[in-house]
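First the structure, in the form of structure tokens, and then the observations on it.
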Protein chains: 2
Amino acid sequence: MTKRVAVIGAGPSGLAQLRAFQSAAEKGAEVPEVVCFERQADWGGIWNYTWRTGTDEHGEPVHCSMYRYLWSNGPKECLEFADYTFEEHFGRPIASYPPRAVLWDYIKGRVEKAGVRSWIRFSSPVRWVQYNEDKDNFSVTVQNLVDGHSYTEEFDYVIVASGHFSTPNVPDFEGLATFNGRVMHAHDFRDALEFKDKDLLIIGTSYSAEDIGSQCYKYGARSITCSHRTAPMGFHWPDNWEEVPLLTRVEKNTCHFKDGSSREIDAIIMCTGYLHHFPFLPDELRLQTGNRLWPLDLYKGIFWEANPKLMYLGMQDQFYTFNMFDAQAWYARDAILGRITLPDQEEMVRHSQVWRAREEKLEDDEQMIWFQGDYVQDLINETDYPSFDVEGVNKTFMEWEHHKHEDIMTFRNNAYRSLMTGNMQPAHHTPWLEAMDDSMESYLASS
Amino acid sequence: MTKRVAVIGAGPSGLAQLRAFQSAAEKGAEVPEVVCFERQADWGGIWNYTWRTGTDEHGEPVHCSMYRYLWSNGPKECLEFADYTFEEHFGRPIASYPPRAVLWDYIKGRVEKAGVRSWIRFSSPVRWVQYNEDKDNFSVTVQNLVDGHSYTEEFDYVIVASGHFSTPNVPDFEGLATFNGRVMHAHDFRDALEFKDKDLLIIGTSYSAEDIGSQCYKYGARSITCSHRTAPMGFHWPDNWEEVPLLTRVEKNTCHFKDGSSREIDAIIMCTGYLHHFPFLPDELRLQTGNRLWPLDLYKGIFWEANPKLMYLGMQDQFYTFNMFDAQAWYARDAILGRITLPDQEEMVRHSQVWRAREEKLEDDEQMIWFQGDYVQDLINETDYPSFDVEGVNKTFMEWEHHKHEDIMTFRNNAYRSLMTGNMQPAHHTPWLEAMDDSMESYLASS
């Protein structure tokens with residue numbers, strides 16, 4: 001009987017999995033039946049923008065964490081698919097930091113070409129997954145939001161690709177209930193113009209803090225105060241931008257910080273990260289981890305060691321993104337197809353611990369990038385995913401870091417060489433700080 | 001063996017159910033084991049205020065739809081518990097439109113006195129409920145958010161008391177994605193001061209539209225525009241408040257309406273109602289209804305006709321609230337205790353259709369109030385819930401409607417007679433429009 005594979009989520013990771021199976025089928029392999037369950041009405045995961053926040057039209061949590069005017073915060077050369085280049089999609093080299101709509105178009109281009117849309121059941125959140133000891137398979141309970149119907153089907157494999165940048169981590173601070181303005185998480189940020197002429201407090205030092213702060217600066221916030229727990233971000237910020245220690249207390253519109261200073265604030269944006277959240281998984285199948293480069297319990301960063309017929313994609317903290325998900329998806333596929341034999345559980349655990357021990361010794365971004373590059377290389381060595389210049393990608397990441405530290409408001413004006421095609425990409429026609437229109441049309445316009 | 005009852009939710013309805021069983025036990029009855037599963041860390045349901053919006057600290061949807069400065073929008077005399085009066089709780093008569101904190105305190109007072117807190121498992125969302133044909137019982141799968149542990153237990157009865165004012169209904173309008181400000185649902189409204197000096201668009205004509213608009217007026221919004229689909233609310237609004245037809249299109253900050261007019265708007269608040277949302281229930285157990293006075297499929301508005309060991313509390317549209325939930329909870333309890341025998345399914349359906357036919361003929365608020373009063377009377381006639389003057393409550397509702405139409409900004413300055421104690425309640429020490437502090441201390445202060 002044909003094996004059945006459930007893929008949970010049709011974002012970059014889930015779509016990589018569909019493309020992996022389709023690419024094997026295209027080359028003549030017999031592949032299992034793959035059913036992808038996607039909560040949203042369209043594919044693309046967090047790249048599928050909505051103005052909505054909170055819950056969607058069906059009452060389900062909104063998946064999207066993106067905002068208007070979001071441009072890639074890293075060079076597209078570092079996330080390029082090895083089997084489908086930007087040049088193939090757009091017909092020519094394009095600038096290196098595309099806005100969201102451009103990247104969404106690119107993600108869609110590959111899977112449209114592959115013809116896998118019919119494998120996906122949209123508007124279909126997974127409610128519960130259960131492992132059936134007796135049958136050595138999984139029951140997956142799903143609800144169709146369009147007609148309300150819920151049903152359960154059995155699968156031999158389950159691949160969790162539901163992402164981990166959708167459920168906000170929102171800490172409490174003393175007095176927040178007295179604050180007389182908007183208190184929100186980056187997940188709900190949509191339009192920087194809401195904060196024009198406002199005094200803004202950003203909590204956190206992550207990519208969200210950097211980028212949402214920069215957005216608000218670009219679109220006219222009066223001042224930006226960034227509060228850090230451990231260390232400031234330390235970029236060269238504009239004059240109306242200041243970094244302060246941790247928020248200790250809020251009293252109406254006055255925010256107090258650990259160094260005894262205080263500020264009058266109009267809105268608070270928490271850029272405090274996301275939770276790995278799997279409300280559809282029972283204990284014995286549920287990954288429990290913080291956001292880090294080597295979560296435990298996943299052999300090769302993919303296989304649930306206690307039951308490797310359950311897999312996870314993209315659960316690591318990420319420098320590498322799309323092409324790392326590809327490397328994982330191809331590897332997962334080959335394990336399912338029997339092309340790769342997994343070791344026993346003891347060996348899987350031992351193997352993970354070696355990577356984890358190395359991860360724990362990493363001291364800076366540079367080392368972390370090389371670590372994740374090695375991981376990607378390790379995976380692609382064993383499958384037919386097109387080999388690419390991982391070292392070259394690592395070096396592009398280094399350049400990116402360098403450009404950010406040179407000037408956080410201009411780094412997106414740089415361009416890099418594609419590691420897939422070898423072609424130098426053009427600089428964008430307008431400096432990022434002056435480019436107010438984030439549409440694909442505007443980005444692709446020749447000047 | 002002791003029967004087991006699962007109650008889902010520890011808000012006003014769920015707590016009514018706990019109190020109903022405790023009150024029977026107090027009088028010597030043998031009662032089943034009652035386990036109440038509450039998603040939040042404390043009791044009170046939507047009355048349990050949080051500054052949070054979206055998802056909570058565990059990544060679960062925030063239940064609270066309340067906001068700072070919320071005062072009861074109806075007289076407390078219409079929702080008073082027959083077995084625990086306001087005068088018993090506060091030691092004296094108090095004014096008729098208390099702010100949220102006062103009502104929360106009152107709700108808690110009764111169940112603290114009853115000593116049922118230990119029946120509740122907090123931070124415990126129900127993930128899935130399944131009926132077991134072979135055992136004629138239910139499997140309830142729950143996750144403990146504190147330790148992450150999920151587990152399944154069996155129950156003879158399940159009572160769904162999870163509310164229906166927590167999952168927003170959020171329609172789409174053309175061009176919302178281009179709007180340059182906050183777009184939100186009433187569910188996420190927290191502090192009217194966020195909208196001081198703003199031009200505000202409110203969509204809808206429900207209680208939320210009335211009250212959130214009035215709040216924003218009170219706390220200094222520059223203008224309030226209310227957009228209706230069918231008919232304007234028609235109250236005597238202040239000068240900076242206007243009612244317009246339905247929003248047809250948004251273009252950046254310009255909102256266009258069906259009559260061809262347009263306005264420049266800073267923020268959009270959708271007061272567009274809530275969904276009955278039960279993501280933990282399979283098709284065959286899930287109530288599917290709009291918000292109306294007589295949803296079908298529930299015998300006596302309580303019992304799931306296809307399987308009456310499943311019950312629902314408080315799922316009706318509501319004039320009556322707390323004391324109606326009580327009437328339902330006492331009735332549900334007596335069915336479980338065998339004091340009331342339910343008819344067969346055919347008779348239940350027939351009975352519901354009679355009520356539904358009457359509901360469909362109701363023409364105005366007055367008729368609806370009498371309808372719901374009759375329903376409450378019908379339930380309390382058959383249990384030992386303390387009888388009370390339902391007709392008197394109906395008449396108080398009429399007075400309330402009259403006061404609102406007289407002046408929507410002053411109706412809360414009126415006072416009414418308790419139908420439970422017979423005592424006239426005092427007017428509040430400060431007119432609502434001038435009372436900026438919504439704390440319990442301020443409300444209970446003698447002047």
Side-chain angles (χ1 to χ4, degrees), chain A residues 49-62 68 125 127-128 130 141 143 148-152 166-172 176-185 187-188 190-194 196 219 250 252-253 266-267 274-284 286 288, chain B residues 49-62 68 125 127-128 130 141 143 148-152 166-172 176-185 187-188 190-194 196 219 250 252-253 266-267 274-284 286 288:
Chain A
Y49 178 77
T50 176
W51 55 266
R52 294 174 184 277
T53 57
T55 49
D56 69 13
E57 63 273 36
H58 301 291
E60 302 293 315
V62 166
R68 294 181 70 187
R127 295 298 188 207
W128 197 248
Q130 204 168 288
T141 299
Q143 189 173 358
H149 178 58
S150 59
Y151 58 93
T152 301
S166 271
T167 304
N169 172 52
V170 190
D172 197 4
L176 273 180
T178 73
F179 185 70
N180 294 131
R182 187 169 185 193
V183 183
M184 60 183 291
H185 186 275
H187 177 58
D188 292 334
R190 288 293 178 271
D191 192 319
L193 283 167
E194 180 185 339
K196 193 171 184 306
Y219 288 90
V250 177
K252 299 196 169 173
N253 286 89
D266 296 314
Y274 290 87
L275 301 170
H276 284 67
H277 188 61
F278 310 103
F280 51 85
L281 290 177
D283 284 24
E284 65 275 15
R286 192 168 65 245
Q288 300 196 44
Chain B
Y49 178 78
T50 176
W51 56 267
R52 294 174 185 276
T53 56
T55 49
D56 70 12
E57 63 273 37
H58 301 292
E60 301 295 313
V62 165
R68 295 182 69 187
R127 295 298 188 207
W128 197 247
Q130 202 168 291
T141 299
Q143 188 174 359
H149 178 57
S150 59
Y151 59 93
T152 302
S166 271
T167 304
N169 173 51
V170 190
D172 197 4
L176 273 180
T178 73
F179 186 71
N180 294 133
R182 187 170 184 191
V183 184
M184 58 183 290
H185 185 276
H187 177 59
D188 292 334
R190 288 292 178 272
D191 192 319
L193 283 168
E194 180 185 339
K196 191 170 185 304
Y219 288 90
V250 177
K252 297 198 169 170
N253 287 88
D266 296 314
Y274 290 87
L275 301 170
H276 284 68
H277 188 62
F278 310 103
F280 50 86
L281 289 178
D283 284 23
E284 65 275 16
R286 192 168 66 246
Q288 300 195 45

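Convention: sequence-line order gives letters A, B, ...; per-chain numbering from 1.
- A:R68 touches chain B through its side chain: at least one heavy atom from C-beta onward sits under 4.5 Å away, while N, CA, C and O do not.
- Counting only heavy atoms from C-beta outward, the side chains of A:R182 and B:M184 never approach each other to under 4.5 Å.
- Only the side chain of A:T141 comes within contact range of chain B, with heavy atoms under 4.5 Å apart.
- Interface remark: A:P171 contributes backbone atoms only to the contact with chain B (heavy atom separation under 4.5 Å).
- A:E57 touches chain B through backbone and side chain together, each having a heavy atom under 4.5 Å away.
- Both the backbone and the side chain of B:D283 come within less than 4.5 Å of a heavy atom of chain A.
- Using a 4.5 Å cut-off between heavy atoms, A:H58 contacts chain B through its backbone alone, with no side-chain atom that close.
- At least one side-chain heavy atom of B:R52 sits less than 4.5 Å from a side-chain heavy atom of A:V170.
- There is no contact between A:Y274 and chain B, counting heavy-atom distances below 4.5 Å.
- For A:H277, the ring-ring contact (aromatic ring centres under 6.0 Å, His included) criterion is met by no residue, not counting sequence neighbours.
- The distance from atom CG of B:D172 to atom CH2 of A:W51, rounded to the nearest 0.5 Å, is 5.5 Å.
- In this structure, chain B has a heavy atom under 4.5 Å from the side chain of A:L275, while its backbone stays farther away.
- Within the model, atoms NE2 of B:H187 and OG1 of A:T55 stand 6.0 Å from one another, a figure rounded to the nearest 0.5 Å.
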